[in-house]
Amino acid sequence: MSRISKDQVKHVAHLARLAVTEEEAELLTEQLDKIIGFAEELNELDTDNVEPTTHVLELKNILRKDEVRNSVSVDEAMKNAPSERDGQFKVPNILE
Amino acid sequence: MSILDKKISELHQLLHTKELSVTDIVDATFDRIHQVDGKVKAFLTLNEEYSRIKAKQLDEKLVSGADRGLLFGMPIGIKDNIVTKGIRTTCASRILENFEPIYDATVVERLNQADTITIGKLNMDEFAMGSSNENSGFHPTHNPWDLSCVPGGSSGASAASVSAGEVLFSLGSDTGGSIRQPAAFCGVVGLKPTYGLVSRYGLVAFASSLDQIGPVTRNVEDNAYLLQAIAGNDPMDSTSAKVDIPDYLASFTGDVKGLKIAVPKEYLGEGVEPGVKERVMEALRILEGLGATWEEVSLPHSRYALATYYLLSSSEASANLSRFDGVRYGLRSDNSENLIEMYKQSRSEGFGEEVKRRIMLGTFALSSGYYDAYYKKAQKVRTLIKEDFTNIFEKYDVIIGPTTPSASFKCGSMTKDPLTMYMNDILTIPVNLAGVPAISVPCGFSDGLPIGLQIIGKHFDESTIYRVAHAFEQATDHHTEKPKL
C-alpha cells in the first residue's frame, strides 16, 4: 500500500506554494513514498513516555530590553525588491 | 613551499619580521585561485578588487604599528549561505542569484574585527541540502584529490578551496555533517562547534535547531584560531549560548595520557568500508601509543538518526524557506497573474529539485493529521539519541569513529536515488541531533582518496577535541599531504 497518493502530493505542493506538473507529481509521489516508508522505522521505538526535544540547549524566554533602535532604511529594504513603487513592494493582484 | 602552505602563526611571524606583506599573501592567493579554480570550481563570487585594497590598508597598519586583529591579514573564503554586506550571497540557488545582503552576518563582522580578508564566496549544495555539491544551482565543485570525484557537501567548496590551497581557511555550515563530511573527503580539518557556540545571525536558515557555522582549515591549530575569532554569545541570535569562551590555543598540550575514548560499534559496523575501518583502527592505536585508552561502546539509537534527521530538518526547512516568496528579494516569476500563482511560479522556477523535495517532505510531516505521527515522533526519538550521548559522556572524554562510511565517490554516481545520497551522513547526523561538537581530521587514504577521523566531544568542550586532534596530528603527517593539481 502506498503511504502517500498523487492527490495528496498535489495538496502538499499547494500548501508549500510550489507549482508541480503531472510528471513531477508522479515522481514526487514515488520518492516521498520511499522516504516516508524509510522514516516509519521510527515506529519500532516505544516513545510513549519520552519528552520531545525541540532544542538541545536549555534556553528559556530570551528577552532583551524594549529599547528604540535604528532599523533598516526604506532604501536598503527596497534594494533587492524584484518590483517596487514609491518605496513599497509591488505585487500582482490579490483580489480578483 | 608556497607561502599559502604555512600556518597562521608562521605567516604572522613573517609579517612581524617584515619578510612578507599582506599584499604578498593576497597576491599569492589570487594567483593560486586563477591557476586552479577553473578545475576545482569552488568560488561563486570573487572579491578581488576589495581584497587588494584591504590588503594595502592592512599593510599600512603593519607599518604604523596599530593594533592587529587575531587573524590579521589572513585570506578567507566564506560559504555562500553566510550573508556579506554588498557581496552577492546566493546559497547556490537561482532564487537568490542576484541577492546583495544589506548587512554582515555576526561571524563576518567578527572576522572583519579580526582583520581577515574576505576573498570570495564559496559554492555549496543549494541551501545546504546535499552531500556532494552536485545540488548547486550553478555548477558542481570538484574534489582536488580527484577531479572526477565529489568534494562532499554541503560545504563542499569550503573544503575543496582549502584543500586546493586557494585560501588559507574558510567558513562552512554544518546541519547534518556539512562541514565534517567534505572535510573528510578533501583531506582537511573541519569542526562543527557545539550548537549555540557560534552565532547563526546572518546564516541563511536551513534547519534552525541543527545549523552551526564552523571553521575549515588545513591543520588543527589554524582551526582553533578561527573558532576563537567567531565563537561567543550574540544578542542577535536568541539561541546563542551564554558561556565563557576558553583560550582554545591553550589546549595544545600534546598530552592525551589517561584520556578515555569511546568507540561506538555502530560506527564501525555494516556499511562502513574496510579501508575506512583500517584507518580508524590505526588512529586508535596511535592514540593508545600516546597514553589514551579506548573501549567499544554502543549508541543504540544511531540507526534511527537518519530518519529522525530527515523529518526534522525538512520540516524546519519547509518553514524557513517560506520566506522566499518573490516579494521582498530574490527571483520573481513573470509568468503569473495573481499573488498565489506568483508565489508558486517564483518558488518552482527558483528552487532546485532537492530543495523542492525537502520542502514537500517537511510540509507533509507538519501537515494536519500527520504532525504527531512524523514530526513529533521524530522529536521524541531525538531525545533518545541525545540521551545516548549523555550516557557515554558520563564515562568517557571523547567518542571516536570515522566521519563517513566511505571515501569520496564519482560525480553523478549517487544522484539517482535521494536515499542512497542521504546515507553519506549516517555517522555525522547523530552529532547534530545531540548538539555536541565534533571535528573531522585527516587520518590517511583509501585508494588515493582521503579519509576523515571524527572526534566527538561533550557540549562546549571543543578544547578537549582540539587537544586530541592536535596530539594525533602531531603524531602523523597526513595533514601535510597535498593534492596534485
Side-chain angles (χ1 to χ4, degrees), chain A residues 3-4 8-9 11-21 24 27-28 31-32 34-59 61-64 72-73 75-84 89-96, chain B residues 98-100 102-103 195-196 209 235 238-239 241 301 303-304 306-308 310-311 318 322 325-332 336-345 347-348 351 356-357 359-365 367 374 376-384 386 418-419 433-435 459:
Chain A
R3 295 164 189 89
I4 185 166
Q8 266 178 300
V9 165
H11 173 64
V12 171
H14 170 70
L15 293 176
R17 299 293 185 259
L18 290 169
V20 290
T21 62
E24 283 171 332
L27 183 66
L28 275 167
Q31 289 177 333
L32 288 179
K34 227 169 145 181
I35 298 170
I36 295 161
F38 170 68
E40 281 182 353
E41 71 175 30
L42 299 186
N43 293 334
E44 293 168 14
L45 294 169
D46 177 1
T47 52
D48 283 352
N49 299 312
V50 179
E51 285 297 313
T53 295
T54 48
H55 214 272
V56 285
L57 302 179
E58 310 237 334
L59 297 172
N61 298 338
I62 309 295
L63 302 173
R64 64 166 173 80
V72 169
S73 70
D75 277 353
E76 279 182 310
M78 287 296 141
K79 191 178 159 194
N80 286 287
S83 179
E84 70 152 320
F89 299 105
K90 197 177 158 199
V91 293
N93 281 347
I94 295 173
L95 300 170
E96 294 298 314
Chain B
N98 301 307
F99 178 64
E100 247 185 42
I102 57 172
Y103 70 97
Y195 183 85
S209 79
S238 59
T239 61
H301 298 97
R303 58 174 293 232
Y304 300 102
L306 195 59
T308 303
Y310 275 94
L311 287 171
S318 73
S322 66
D325 56 7
V327 175
R328 293 152 301 157
Y329 40 72
L331 180 137
R332 176 187 295 190
S336 50
E337 299 198 333
N338 64 49
L339 189 66
I340 298 283
E341 279 309 306
M342 190 277 279
Y343 291 151
K344 287 186 179 178
Q345 289 301 332
R347 289 164 63 78
S348 297
F351 289 140
K356 286 189 226 179
R357 190 155 45 233
I359 291 175
M360 288 288 292
L361 176 64
T363 307
F364 172 75
S367 66
Y374 295 107
K376 201 164 179 193
K377 179 80 186 183
Q379 284 190 315
K380 288 181 166 192
V381 179
R382 183 176 186 180
T383 304
L384 298 175
K386 192 182 152 197
L419 271 177
L433 291 170
H459 281 124

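- In terms of heavy-atom proximity, A:Ala19 sits nearest to B:Ser348 at N-OG, 2.7 Å.
- Note that CG of B:Leu361 is 6.0 Å distant from CG of A:Leu32, once rounded to the nearest 0.5 Å.
- Of the two parts of A:Phe89, only the side chain, counted from C-beta on, holds a non-hydrogen atom closer than 4.5 Å to a non-hydrogen atom of chain B.
- Across all non-hydrogen atoms, the minimal contact from B:Ala307 to A:Ala39 is CB-CA, 3.8 Å.
- Residue B:Ala365 does not touch chain A at all, counting heavy-atom pairs closer than 4.5 Å.
- Contact detail for A:Pro82 and B:Gly326: the closest heavy-atom pair is CG-O, 3.4 Å.
- Of the listed residues (B:Ser322, B:Gly362, B:Ala434), the greatest number of heavy-atom pairs within a distance under 4.5 Å of chain A belongs to B:Ala434.
- Atom CZ of A:Arg17 is separated from atom CD1 of B:Ile359 by 13.0 Å, given to the nearest 0.5 angstrom.
- Separating the CD atom in B:Glu100 from the CD atom in A:Glu76 is a distance of 12.0 Å, to the nearest 0.5 Å.
- When atom types are taken as modelled, the side chain of B:Thr363 and the backbone of A:Val12 share no donor-acceptor pair closer than 3.5 angstrom.
- Proximity to chain A (any heavy atom under 4.5 Å) is restricted, for B:Tyr374, to the side chain, taken from C-beta onward.
- Chain B forms more heavy-atom pairs under 4.5 Å with one residue of A:Arg64, A:Lys34, A:Glu84 than with any other, namely A:Lys34.
- When heavy atoms are compared at a cutoff of 4.5 Å, A:Leu57 approaches chain B solely by way of its side chain, counted from C-beta outward.
- Contacts between A:Leu63 and chain B at a heavy-atom distance below 4.5 Å are absent for every atom of the residue.
- With a threshold of 4.5 angstrom between heavy atoms, B:Asp325 does not approach chain A through any atom at all.
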Point to revise | Derivation of the side chain to side chain contact (heavy atoms under 4.5 Å, CB included) call for B:Met360 and A:Gln31 | key: CA-CA 11 Å; B:Met360 288 288 292; A:Gln31 289 177 333; over 6 Å; no
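- To the nearest 0.5 angstrom, A:Thr53 atom OG1 is 9.5 Å from B:Leu433 atom CG.
- Contacts with chain A were tallied for B:Val327, B:Leu311, B:Leu384, B:Val381; B:Val327 has the most, counting heavy-atom pairs under 4.5 Å.
- Note: B:Arg357 leads B:Gln345, B:Met342, B:Arg357, B:Lys386 in heavy-atom pairs under 4.5 Å with chain A.
- B:Tyr310 does not touch chain A: none of its heavy atoms, backbone or side chain, sits under 4.5 Å away.
- Between B:Leu339 and A:Pro92, some side-chain heavy-atom pair lies under the 4.5 Å cut-off.
- With a 4.5 angstrom heavy-atom cutoff, B:Ile102 touches chain A via backbone and side-chain atoms both.
- Taken to the nearest 0.5 Å, the CG atom of A:Asn49 stands 12.5 Å off from the OG1 atom of B:Thr383.
- Listed options A:Glu40, A:Met78, A:His11 were ranked by heavy-atom pairs under 4.5 angstrom with chain B; first place goes to A:Glu40.
- The ring-ring contact (aromatic ring centres under 6.0 Å, His included) test applied to B:Tyr343 returns no partner, not counting sequence neighbours.
- Between chain B and the residues A:Leu27, A:Asn43, A:Leu45, A:Ile62, the most heavy-atom pairs under 4.5 angstrom are made by A:Leu45.
- Looking at B:Ser238, the atoms closer than 4.5 Å to chain A (heavy atoms on both sides) sit in the backbone and in the side chain alike.
- For B:His301, the side-chain hydrogen bond (donor to acceptor under 3.5 Å, both in side chains) partners are B:Asp388, not counting sequence neighbours.
- Of the listed residues (B:Lys344, B:Arg332, B:Arg382), the greatest number of heavy-atom pairs within a distance under 4.5 Å of chain A belongs to B:Lys344.
- Once rounded to the nearest 0.5 Å, the distance linking CZ of B:Phe364 with CG of A:Leu15 reads 11.5 Å.
- For the options B:Lys356, B:Lys376, B:Glu341, heavy-atom pairs under 4.5 Å to chain A are most numerous at B:Lys356.
- The 12-atom threshold is exceeded at CG of A:Asp48, counting heavy atoms of other residues, nucleotides or ligands nearer than 6.0 Å.
- A donor-acceptor contact under 3.5 angstrom links the side chains of A:Glu44 and B:Tyr304, judged on distance only.
- The most heavy-atom pairs under 4.5 Å with chain B, out of A:Asn93, A:Ile4, A:Val72, A:Thr47, come from A:Thr47.
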